[in-house]
Amino acid sequence: MLQLNYIRENTKEVIEKLNIKNFDAKEIIPKLIDLDNKRKETQKQLDDSLFESNNLAKEIGVLFKSGKQKEANGLKEKTAQLKSLSKEYSDNLILIEKELNDILLQIPNLPHNSVPKGKRAEDNIIVHQEGDVPDLTKDALPHWDIASKYDIIDFELGNKITGSGFPVYKAKGAKLQRALINFFLDNALKEGYTEYQPPLMVNEDSGYGTGQLPDKEGQMYHVSIDNLYLIPTAEVPITNLFRNMIVKAEELPYKCVAYSSCFRREAGSYGKDVRGLNRLHQFDKVEIVQIQHPDKSYQTLEEMRGYVAGLLRLLELPFRTLRLCGGDMSFASALTYDFEVYSAAQQKWLEVSSVSNFESFQSNRMKLRFREKEGKPQLAHTLNGSALALPRIVAALLENNQTNEGVKIPKALVPYTGFDLL
RNA sequence: GGAGAGAUGGCCGAGCGGUCGAAGGCGCACGCCUGGAAAGUGUGUAUACCCCACAAGGGUAUCAUGGGUUCGAAUCCCAUUCUCUCCGCCA
C-alpha cells in the first residue's frame with residue numbers, strides 16, 4: 001500500500017509511475033486527496049468535541065466529590081448534546097477512513113525507475129542469458145512422456161484422487177523432489193538464511209499483509225469453515241512473521257528461507273501451457289525472503305538475483321533473466337526479475353523464479369517498521385524470490401538431460417539423490 | 001467436542017468506576033561511580049492520528065477485538081476472537 005503522504009506530495013510522479021503499470025490513477029488520486037482532507041477535518045472536529053466532553057466529565061467528577069449534586073446534574077445535560085455530536089463525527093470518520101483504505105488497497109505499487117513500460121510478457125527485457133541449449137535428437141520427449149516412461153510422475157493418479165494439476169511423484173521422482181528441496185535449503189543456509197517451516201494456511205490479515213488480498217482473492221484456495229487460505233507461496237506466512245513489528249535497524253536484514261508446498265487455483269488459465277508440470281495447483285517451492293533497510297534493498301535485490309543465478313548454474317540449466325515490464329509485474333512489486341529455464345524438448349522458456357523488491361508496499365500494509373538509534377520508526381523494505389520452484393526445474397532437467405541410458409542428474413544434485421541416472 | 005480459567009506497555013506483573021498511558025520489576029539507552037568491569041545509583045524508555053513550520057507546544061485514541069451501561073470504563077455488561085488447564089478424540 002502506498003503512503004498517503006507520499007501521494008500527496010508527489011501526485012504527478014505517482015500518476016505517471018502508475019501509468020507504467022497500466023493503472024490509470026488520474027481520477028482516483030485527486031479523489032483520494034479530497035477524502036484525506038475530509039478525514040483531517042473530521043478528525044479535528046471529533047477530537048475537539050471529545051476534548052470538551054473529557055473536560056466536562058472531569059468537572060462533574062470534582063463537583064460530585066465536593067457534594068455539589070445540583071451543579072453536577074446541570075453539567076450532565078450539556079454532555080448529552082456533545083455526546084451525540086461526537087458520535088456523528090466518529091461515524092463519519094469511520095466511513096471516510098474505510099473509503100480511503102479501500103481505495104488505497106486497490107492501488108498497485110509504484111514501479112522502480114528502471115521498469116520498462118509494457119503490457120505483455122513480450123515487453124519484458126532480457127538482461128542476462130547463459131548456458132548452452134542442449135542439442136537433442138529429433139525423437140526427444142517432452143517431460144510428461146519421460147515421466148511416464150520411467151514411471152516417476154503419475155498425472156492420472158493425481159487426477160483420480162484429487163484433480164488435474166495435482167501430480168503424484170513416485171519412486172525416483174519422489175526422491176528427486178526431496179533432493180531438490182534439500183539442495184535448495186542447504187544452499188540458502190550456506191548463504192546465511194535462517195530456515196523456517198511455516199504453516200501452509202494463513203488468516204485474512206496475512207493475506208492482506210503481503211497483498212494477495214483483496215487483489216487476488218480468487219487465486220487462493222479458501223478453507224471457508226475456518227476462514228483460512230492455503231498459501232500460494234511461503235512468501236505469505238514468512239513475510240507476515242514480521243507483521244506489526246518494530247525491529248532495530250542494526251538487526252536488518254532478516255534473511256529467511258522456507259520450503260513449502262504452494263497452492264494456486266490458477267483460475268482462468270486453463271488450456272494454455274498447462275501440460276505436465278508446466279502449471280500446477282499444488283507444487284513445491286523453496287522461497288527466500290529478506291527484510292531490509294530501504295537504503296540497501298536494491299543492493300539486496302541484486303544479491304538475491306545473483307544467488308538464484310548461481311543455483312541454476314549448479315543445476316547446469318540454460319537460463320535467462322528478465323526485467324519485467326510494468327504490465328507483467330505483480331501488484332505489489334516495485335522491481336521484478338524473472339528467471340526462465342530453457343526446456344529443450346518443449347522448446348520453451350519456463351519461469352522458475354521471480355525475485356522482487358516490494359520496497360515499503362507490503363510493510364506499509366503490515367506495519368513492519370524498524371527504528372534507528374534516533375528518530376521515529378520507518379517502514380522497512382521487503383524482498384523475496386523463489387529459490388527455486390520445483391516443477392519446471394524438474395521439467396527442464398528431464399527434457400534437457402535425457403539420453404539413451406536415462407536422464408542424467410547434474411553433479412551438484414547427485415549427493416542428494418543418491419543416483420546419477422534416472 | 002464438553003468443563004473451567006484468562007487476555008494490561010519489549011517482557012513479567014499490579015490495578016477492578018474518576019487523579020490510569022497505566023504502580024513495581026526486568027530489559028534497553030544515556031549519565032554518575034570505577035584503573036576497567038560487576039554491583040550500586042540517577043534520568044529516560046509505546047504507537048498512530050489531528051492542530052502547528054513533519055520545531056516547541058497542545059489535543060485525540062489505544063489495557064485482545066467490536067458493541068453497550070455511565071457525566072466518566074483497563075476496571076461493569078454483552079458478543080466475538082485467541083490462549084491456557086482438565087476431560088474426550090487423535091497423527
Side-chain angles (χ1 to χ4, degrees), chain A residues 1-11 32-101 103-105 197 199-209 223-229 237 240-252 254 261 291 294 360 363-380:
Chain A
M1 179 158 82
L2 299 179
Q3 290 175 270
L4 201 43
N5 280 340
Y6 188 86
I7 297 176
R8 289 187 81 106
E9 285 159 26
N10 307 278
T11 307
L32 211 52
I33 292 172
D34 189 49
L35 269 170
D36 192 40
N37 290 335
K38 261 191 219 153
R39 185 194 115 249
K40 286 185 181 182
E41 193 186 318
T42 313
Q43 175 82 247
K44 177 97 180 93
Q45 291 172 322
L46 211 211
D47 287 356
D48 286 350
S49 77
L50 286 175
F51 178 49
E52 244 184 282
S53 308
N54 287 344
N55 281 338
L56 273 175
K58 278 178 204 156
E59 273 182 61
I60 292 171
V62 173
L63 289 174
F64 268 128
K65 278 213 173 123
S66 52
K68 299 177 181 164
Q69 297 278 354
K70 252 187 217 160
E71 293 173 50
N73 285 326
L75 283 182
K76 271 197 201 178
E77 282 168 30
K78 273 171 78 177
T79 60
Q81 239 183 57
L82 267 176
K83 207 175 164 184
S84 74
L85 203 62
S86 301
K87 175 95 175 102
E88 199 180 303
Y89 292 142
S90 121
D91 287 351
N92 216 244
L93 189 63
I94 288 167
L95 238 60
I96 293 170
E97 278 178 342
K98 171 145 189 358
E99 201 180 341
L100 258 177
N101 204 253
I103 296 177
L104 276 174
L105 281 174
Q197 244 188 62
L200 301 182
M201 289 196 260
V202 293
N203 56 28
E204 245 181 319
D205 283 350
S206 297
Y208 277 97
V223 182
S224 57
I225 190 165
D226 289 312
N227 195 214
L228 295 171
Y229 294 88
N240 273 284
L241 251 26
F242 300 91
R243 172 150 47 83
N244 256 315
M245 278 179 71
I246 302 176
V247 303
K248 289 184 183 158
E250 61 263 32
E251 281 169 15
L252 299 172
Y254 287 96
S261 291
I291 315 296
S360 59
S363 49
N364 189 31
R365 287 183 169 220
M366 65 174 91
K367 302 292 168 253
L368 160 54
R369 291 165 294 173
F370 69 93
R371 196 200 304 269
E372 307 270 13
K373 285 234 165 63
E374 300 280 314
K376 290 204 145 197
Q378 307 170 52
L379 293 173

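Residue numbers begin at 1 in each chain, while the letters A, B, ... track the order of the sequences.
B:rG72 and B:rU62 have their P atoms separated by 13 Å, with the value rounded to a whole Å. Spacing between B:rG6 and B:rC77 at atom P, rounded to whole Å, works out to 12 Å. If you take atom P in B:rU65 and the same atom in B:rG9, they sit 10 Å apart, rounded to whole Å. Taking atom C1' in both B:rG13 and B:rC20, the straight-line distance is 16 Å, to the nearest Å. One C1' atom belongs to B:rC32, the other to B:rA14, and the distance between them is 31 Å to the nearest Å. Remark: the separation of the C1' atoms in B:rC89 and B:rU81 is 24 Å, to the nearest Å. The separation of B:rC16 from B:rA74, taken at their P atoms, amounts to 14 Å, rounded to a whole angstrom. Between B:rG18 and B:rG10, the two P atoms lie 25 Å apart (nearest whole Å).
Judged by distance alone, the side chain of A:Arg243 and the main-chain N or O of A:Arg365 form no donor-acceptor pair under 3.5 Å. Side chain of A:Ser363 to main chain of A:Leu379: no donor-acceptor pair is present (N/O by atom type, distance under 3.5 Å, no hydrogens or angles). Judged by distance alone, with hydrogens and angles left aside, the side-chain atoms of A:Asn101 form no donor-acceptor pair with the main-chain N or O of A:Glu97 at under 3.5 Å.
Contact check, A:Arg39 against B:rC50: a side-chain N or O comes under 4.0 Å of OP1 or OP2.
Across all strands shown, B:rC84 forms a Watson-Crick or G-U wobble pair with B:rG4, both key distances being under 3.5 Å. Pairing of B:rU45, defined by two Watson-Crick or G-U wobble distances under 3.5 Å, is identified with B:rG27. Nucleotide B:rU69 forms a pair with no other nucleotide shown, judged by Watson-Crick or G-U wobble geometry with both contacts under 3.5 Å. Remark: B:rA14 base-pairs with no nucleotide in the shown strands. Criterion, Watson-Crick or G-U wobble with two distances under 3.5 Å. Across every strand in view, B:rA74 sits unpaired, with no contact that passes the Watson-Crick or G-U test at under 3.5 angstrom. Pair check for B:rG21 finds none; no Watson-Crick or G-U wobble contact set falls under 3.5 Å. The nucleotide B:rC52 finds no pairing partner, because no Watson-Crick or G-U wobble arrangement with both distances shorter than 3.5 Å includes it. In a base pair of the Watson-Crick type (N1 to N3 plus N6-O4 or O6-N4) or a G-U wobble (N1-O2 and O6-N3), with each distance short of 3.5 Å, B:rA39 is matched with no nucleotide.
To the nearest 0.5 Å, the span separating CD1 on A:Ile60 from NZ on A:Lys78 amounts to 9.5 Å. Separation of atoms CG (A:Leu46) and OG (A:Ser90) is listed at 5.5 Å; rounding is to 0.5 Å.
Of the candidate nucleotides B:rC51, B:rG68, B:rC49, B:rC49 has the atom nearest to the side chain of A:Gln43. Closest contact between the side chain of A:Lys83 and the listed nucleotides B:rC49, B:rG72, B:rG18 involves B:rG72. Relative to the side chain of A:Pro377, the nucleotides B:rC71, B:rU60, B:rU47 differ in distance, and B:rU47 lies closest. Of the candidates B:rC71, B:rA48, B:rC50, B:rA48 carries the atom nearest the A:Lys376 side chain, counting heavy atoms from C-beta on. Nearest nucleotide to the A:Phe51 side chain, out of B:rU60, B:rG72, B:rA48: B:rU60. Comparing B:rU47, B:rC50, B:rG59 against the side chain of A:Lys40 picks out B:rC50 as the nearest. Residue A:Asn54 places its side chain closer to B:rA61 than to any other of B:rC51, B:rA61, B:rU47.
With rounding to whole Å, A:Leu100 atom CG is found 13 Å from B:rC49 atom C1'. One atom, CG of A:Asn101, and another, P of B:rC49, lie 13 Å apart when rounded to the nearest Å. When rounded to the nearest whole Å, the span between CG of A:Asn227 and P of B:rU80 equals 16 Å. Atom NZ in A:Lys58 sits about 8 Å away from atom P in B:rU19, given to the nearest Å. The separation between A:Glu97 atom CD and B:rA48 atom P is 15 Å, rounded to whole Å.
Contacts of A:Arg371 with the nucleic acid, taken as non-hydrogen atoms under 4.0 Å apart, involve only primed sugar atoms and P, OP1 or OP2. Residue A:Lys76 is in base contact, counting any heavy-atom pair closer than 4.0 Å across all strands shown. Residue contacts for A:Leu50: at a heavy-atom cut-off of 4.0 Å it reaches the sugar-phosphate backbone alone, with no base atom in range. At the heavy-atom level, A:Ile246 lies under 4.0 Å from the strands shown only through sugar-phosphate atoms.
A donor and an acceptor atom, one from each side chain of A:Arg8 and A:Asn37, are located under 3.5 Å apart.
The residue among A:Glu52 and A:Gly375 whose nearest nucleotide of RNA chain B is located toward the 5' end is A:Gly375. A residue-by-residue look at A:Glu9 and A:Leu46 shows that A:Glu9 has its nearest nucleotide of RNA chain B further toward the 5' end.
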Derivation of the side chain to side chain contact (heavy atoms under 4.5 Å, CB included) call for A:Ile33 and A:Thr11: CA-CA 9 Å; A:Ile33 292 172; A:Thr11 307; 3.7 Å; yes
